[in-house]
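One is the number of the first residue; the rest follow in order along the sequence. None of these values were measured; they are calculated from a predicted model. Every heavy atom of this structure was used, including side-chain atoms; hydrogens, water molecules and symmetry mates were not.
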Amino acid sequence: MPDNYTPRVTELLRAAGCRFERHGKGDHDIWYSPITNRRFMVDGRIKSRHWANHTLKQAGLAKAF
């Protein structure tokens, strides 16, 4: 079980055309999804597969974990 899903989540986001917008508060980043036409938050250290899937859902992508 990986202790950090963030690299794999960001790889999936970039492959889907999502882009990094800016740094947020703390260790969070703000990303933009052209699929949903919305901005969403990506934690700098995603430890839970549930949170990783939630992040993908916000971007308009299917579960991957």
Review point. Is it true that a side-chain atom of Thr6 and a backbone atom of Ile46 form a donor plus acceptor pair closer than 3.5 Å?
Key: yes
**Study point:** Minimum side-chain heavy-atom gap Phe65-Leu56 below 4.5 Å
**Key:** yes
Check your understanding: Are any of the side-chain heavy atoms of Thr10 and Trp31 separated by less than 4.5 Å?
Key -> yes
Exercise for review: Apply side chain to side chain contact (heavy atoms under 4.5 Å, CB included) to the pair Asp3 and Arg45, showing each step before the final yes or no.
Suggested key: CA-CA 8 Å; Asp3 58 329; Arg45 188 159 177 86; 2.9 Å; yes
Check your understanding: Does atom CD of Glu21 have more than 12 heavy-atom neighbours, drawn from other residues, nucleotides or ligands, at distances under 6.0 Å?
Key -> yes
Review point. Out of curiosity, does Phe20 fall in the hydrophobic cluster containing Val42 (side-chain heavy atoms, cut-off under 4.5 Å, transitive links)?
Key: yes
Study note, to complete from the structure: Ala59 and Ser33 have their tightest heavy-atom pair at O-OG, 2.7 Å
Review point. So if you build clusters from Ile, Leu, Val, Met, Phe, Trp, Tyr with side-chain heavy-atom gaps below 4.5 Å, do Tyr5 and Ile30 land together?
Key: no
Check your understanding: Got a second to check how far Arg39's CZ is from Gln58's CD, nearest 0.5 Å?
Key -> 14.0 Å
Point to revise | Asp43 vs Thr55, side chain to side chain contact (heavy atoms under 4.5 Å, CB included): CA-CA, chis, key distance, verdict | key: CA-CA 9 Å; Asp43 193 345; Thr55 302; over 6 Å; no
Study note, to complete from the structure: Rounding to 0.5 Å, atoms CE (Met41) and NZ (Lys25) come to a distance of 13.0 Å
Exercise for review: Mark yes when over 12 heavy atoms from residues, nucleotides or ligands other than Arg22 sit less than 6.0 Å from its CZ; otherwise mark no.
Suggested key: no
**Study point:** Shortest non-hydrogen contact from Leu12 toward Ala64
**Key:** CD1-CB, 3.7 Å
Point to revise | Residues Leu13, Phe40; criterion side chain to side chain contact (heavy atoms under 4.5 Å, CB included); working and verdict | key: CA-CA 11 Å; Leu13 292 174; Phe40 58 96; 3.9 Å; yes
